[in-house]
Amino acid sequence: MLLSEQVTALARVRAVHTVAGIRELVAGWRATGGSVAFVPTMGNLHDGHLSLARLAASKADVVVMSIFVNPTQFGPGEDFAAYPRTLEDDLEKIEGSGVVEAVFLPEQQTIYPFGMADAVRIVLPALSRELCGAFRPGHFDGVASVVCRLLNIVQPQLLVMGQKDYQQCVLLERMVADLQMPVALVMAPTQREPDGLAMSSRNRYLDADERKKASTLHAALAQMRDAVLGGDRDFARIANMARERLVAAGFRPDYVEVRRARDLAAPSDADAAGELVALGAAWLGRARLIDNLRV
Ligand code: AMP
């Protein structure tokens, strides 16, 4: 790349802090017929996040990203205070991607103008209290509450989110449909390290020894997928074998399950391969890792 091209790429991204600022930009693009895709993140960006931006750019004329570490999706005792905040690095990565027009960087008060205690909140259906929700009470209501706010502020036509957070995608799709929000959700494939570990901001909590073992989560899910594809329908036994493998590798599993992909209901014998998903969440040292594979 020529230096002049680099400078152009670096000059493209606009950092916007206010609701009025981002609305004015988006309204301008939409007035000229441009479609807008939105990629919300909590920052500490890796190639998983950037792949979302690239997919967004392939589906819309303009890509807006946001960085906001949302306090309402962290439970008491979770890592809100310690969550890695790396804004300078993130902006460089966004600029380097060359596909993002604007990055929305709101203050807490901009997202929660009436404060957090008195904030209007989204309460999701029962699925939000299963799987990850069973171990992180209120987490998905917090995610939905912030995504609803961000969608109302940015007003994109497309919302791009990662399959890595599969339950989050299913629940947000439900929110968008139930509240008749004029936006379509696009689910982007999970980006992985060469050994299969799903990229995650929380991988940095792993020490060297844990990092070596961390890919076992992906391997255990792949083993579940292969068992189902091989014709095994005993989902409970399949999940148990994966759980035991994780425990043997030093993980502390929260859950390992096969569910129906469409709505994450318990699978029935009638659900064919192609309609299922293997999901798991497990602690390794200080890191809570999640992953899933479509079956
Ligand atoms: P986060 O910053 O962790 O809230 O993630 C922001 C978005 O990036 C969410 O839609 C995630 O699902 C997505 N994401 C996180 N990790 C990955 C990954 N490894 N591959 C693809 N998307 C990801």
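Please read all numbers here as calculations on a predicted model, not as lab measurements. Order of listing sets the numbers, starting from 1, for every ligand and every atom in it.
- For ligand 1, the atoms closer than 4.0 angstrom to any heavy atom of P40 are 6 (C), 7 (C).
- Using a 4.0 Å cut-off to heavy atoms of M161, the atoms of ligand 1 that qualify are 10 (O).
- Of the protein's heavy atoms, L52 CD1, 3.3 Å lies nearest to atom 22 (N) of ligand 1.
- Ionic pairing of E78 and R288 is not present here: no N-O contact between side-chain nitrogen and carboxylate oxygen is shorter than 4.0 angstrom.
- Within the 3.5 Å criterion, the main-chain N or O of A278 finds no donor-acceptor partner in the side chain of R259.
- Considering only non-hydrogen protein atoms, atom 20 (N) of ligand 1 sits nearest to Q191 N, 2.9 Å.
- Ion pairing between a basic and an acidic side chain is recognised when a charged N comes within 4.0 Å of a carboxylate O; R54 and D47 show such pairing.
- The shortest N/O to N/O separation between A188 and ligand 1 does not fall below 3.5 Å.
- For the pair D209 and K213, the salt-bridge criterion is met [side-chain N within less than 4.0 Å of a carboxylate O].
- Any N or O atom pair closer than 3.5 Å counts here, and H49 shares at least one such pair with ligand 1.
- Those atoms of ligand 1 that come under 4.0 Å of a heavy atom in G162, given as number and element, are 9 (C), 10 (O), 11 (C), 12 (O), 13 (C), 22 (N).
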What side-chain donor-acceptor pairs closer than 3.5 Å can you find for residues 19-26, not counting sequence neighbours?
residue	atom	partner	partner atom	Å
R23	NE	I153	O	3.3
R23	NH2	N152	O	3.0

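- Residue contacts with ligand 1: M42 is placed with a nitrogen or oxygen under 3.5 Å of a nitrogen or oxygen of the ligand (distance criterion only).
- Remark: distances from the non-hydrogen atoms of H46 to ligand 1 include one below 4.0 Å.
- The closest approach between any non-hydrogen atom of C169 and ligand 1 is not below 4.0 Å.
- In this structure, the side chain of E173 does not engage the main chain of M187 through any donor-acceptor pair within 3.5 Å.
- On a distance-only criterion, S201 and ligand 1 share no N/O pair closer than 3.5 Å.
- Ranking protein heavy atoms by distance to atom 21 (C) of ligand 1, first place goes to P189 O, 3.5 Å.
- Applying the 6.0 Å contact sphere to CZ of R174 captures no more than 12 heavy atoms from other residues, nucleotides or ligands.
- Using cut-offs of 30° and 60° on the angle between ring planes, the pair F74 and Y83 is perpendicular.
- Donor-acceptor pairing under 3.5 Å is lacking for the side chains of D291 and Y166.
- Within the listing of ligand 1, atoms 16 (N) sit less than 4.0 angstrom from a heavy atom of K164.
- Closest to atom 11 (C) of ligand 1 among all protein heavy atoms lies D165 OD2, 3.1 Å.
- Heavy-atom contacts from other residues, nucleotides or ligands closer than 6.0 Å to NZ of K59 number 12 or fewer.
- Checked by distance only, ligand 1 and M199 come closer than 3.5 Å through their nitrogen or oxygen atoms.
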